[in-house]
Amino acid sequence: MFTKAKIAERVVESILTRKIRPGERLGEQELADLFGVSRTLVREALMQLQARGFVEVRSRLGWYVVEPSFEEARETYAARRVIEPGMLRDAGKPLQSVIRVLRQHVAEERKTIASCDAGTRSILLADFHVCLAECLGNRFLTAMMVDLSARTTLVSALYQSATDAQVSNDDHAGIVAALADGDSAKAAKLMRAHIDMLAARLDQTLAKVGNSRDRLREALAQAIARKSRSPA
């Protein structure tokens, strides 16, 4: 049974994998049918996402995935530039078990890049930042990084051309190596440079809107199918 939190999680997941794009309409009845729940529960989930800045209500039109303005796009990276290096600067030298998890994540990124699986590649690269917060043990920063990563995905879909995934992977590997050496100052510096590189690729002329009901149905249906295959 899907709760409002799980419905919201599936929508955010589909944003992270770029299956749902900025400007996408989210029909209450369609979502209710897909998840097998009431429209009331769907509406509560969408209100939760509205509070987190992912969806909005357009008068007499319904719910839509937000389309961040170019200024909001810049602010997203500015927020990450403050939060993520600060998180690393205070990290000290993580346990070896933490370093193993991070190195495994970076290895999975590299493997997916080689396989040309664009969807999985996208979510792994974004999820590195969430994984990092989780490994450093701060649940509040982890929740914040989930939202910032999804927000960055919306920004990227509107204002960035295709990312050089290998460059991002190399950056992630360098950050983990610095943490493994106990050099948190270097890790913070590398993270700041990584975020600045991504922010520099913002281009207002690239803005475009997604609006495909079929894409929405396919994205959420895949998320539901994965959930049904998961152990109880």
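The figures here come from the full heavy-atom set of this structure, side chains too, leaving out hydrogens, waters and symmetry mates.
In this structure, OG on S97 lies 9.5 Å from CG on L102, to the nearest 0.5 angstrom. Atom CG of L148 sits about 7.0 Å away from atom CD of E84, to the nearest 0.5 Å. Here NZ of K93 is found 10.5 Å from CG of L179. Values are rounded to the nearest 0.5 Å. If you take CD on E134 and NE2 on H105, they are separated by 10.0 Å, rounding to the nearest 0.5 Å. With rounding to the nearest 0.5 angstrom, the CD1 atom of I175 is 11.0 Å from the CG atom of D170. Distance check, rounded to the nearest 0.5 Å: CG of L198 to OG of S156 gives 8.0 Å.
Shortest non-hydrogen contact noted between P85 and I195 is CD-CD1, 4.3 Å. G23 approaches E67 most closely through the heavy-atom pair N-CG, 3.3 Å. Looking at every heavy atom in both residues, Q48 comes nearest to A5 through OE1-CA, 3.9 Å. The two atoms that bring V66 and G53 nearest to each other are CG2-O, 3.3 Å, heavy atoms only. In terms of heavy atoms, P22 sits closest to L154 at CG-O, 3.5 Å.
Under the 4.5 Å side-chain heavy-atom criterion for grouping Ile, Leu, Val, Met, Phe, Trp and Tyr, M144 is connected to F128 within one hydrophobic cluster. In the hydrophobic clustering of ILVMFWY residues, with side-chain heavy atoms under 4.5 Å counting as a link, F2 and L31 come out together. In this structure, M197 is a member of the same hydrophobic cluster as Y77, with clusters built from ILVMFWY side-chain heavy atoms closer than 4.5 Å. Under the 4.5 Å side-chain heavy-atom criterion for grouping Ile, Leu, Val, Met, Phe, Trp and Tyr, M47 is connected to V57 within one hydrophobic cluster. L88 and F140 fall into different hydrophobic clusters, where Ile, Leu, Val, Met, Phe, Trp and Tyr are joined by side-chain heavy atoms under 4.5 Å apart, directly or via other members.
Within the 4.5 Å cutoff, no side-chain heavy atoms of M145 are placed close to those of T152. Looking only at side-chain heavy atoms (C-beta outward), W63 and V55 come within less than 4.5 Å of each other. Using a 4.5 Å heavy-atom threshold, the side chains of T76 and P68 count as separate. Residues V101 and C131 form a side-chain contact, since some pair of their non-hydrogen atoms from C-beta on lies under 4.5 Å apart. No side-chain heavy atom of F54 sits less than 4.5 Å from a side-chain heavy atom of V11.
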Would you sort out whether V106 and K111 count as a side-chain contact (heavy atoms from CB on, under 4.5 Å), showing the intermediate values? CA-CA 9 Å; V106 171; K111 180 180 176 181; over 6 Å; no
Give the C-alpha distance, both sets of side-chain angles, the deciding distance and a yes or no for salt bridge (Lys or Arg N to Asp or Glu O under 4.0 Å) between E72 and R151. CA-CA 10 Å; E72 288 171 332; R151 186 79 176 179; 3.8 Å; yes
Give the intermediate values and the outcome of side-chain contact (heavy atoms from CB on, under 4.5 Å) for residues M87 and N138. CA-CA 9 Å; M87 177 177 70; N138 189 314; over 6 Å; no
Between Y159 and L202, is the side-chain contact (heavy atoms from CB on, under 4.5 Å) condition met? List the steps. CA-CA 5 Å; Y159 302 114; L202 291 172; 3.9 Å; yes
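Heavy atoms from other residues, nucleotides or ligands lying under 6.0 Å from CZ of R58 number more than 12. More than 12 heavy atoms of other residues, nucleotides or ligands lie within 6.0 Å of CZ in R192, so this atom counts as buried by the packing criterion.
Put simply, the side chain of R25 gets close to the backbone of L61: a donor and an acceptor are under 3.5 Å apart. Not one N or O on the side chain of D181 forms a donor-acceptor pair closer than 3.5 Å with the backbone of D183. Side chain of D171 to main chain of M191: no donor-acceptor pair is present (N/O by atom type, distance under 3.5 Å, no hydrogens or angles).
Ring centroid separation for the pair H172 and H194 comes in under the 6.0 Å cut-off.
A salt bridge does not link E24 with R21: none of the charged nitrogens is closer than 4.0 Å to a carboxylate oxygen.
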Donor-acceptor contacts under 3.5 Å from residues 34-44 side chains, at least two apart:
{"from": "S38", "atom 1": "OG", "to": "L41", "atom 2": "N", "distance (Å)": "3.2"}
{"from": "R39", "atom 1": "NE", "to": "E28", "atom 2": "OE1", "distance (Å)": "3.4"}
{"from": "R39", "atom 1": "NH2", "to": "E28", "atom 2": "OE1", "distance (Å)": "3.2"}
{"from": "R43", "atom 1": "NE", "to": "E28", "atom 2": "OE1", "distance (Å)": "3.3"}
{"from": "R43", "atom 1": "NE", "to": "E28", "atom 2": "OE2", "distance (Å)": "3.1"}
{"from": "R43", "atom 1": "NH2", "to": "E28", "atom 2": "OE1", "distance (Å)": "2.9"}

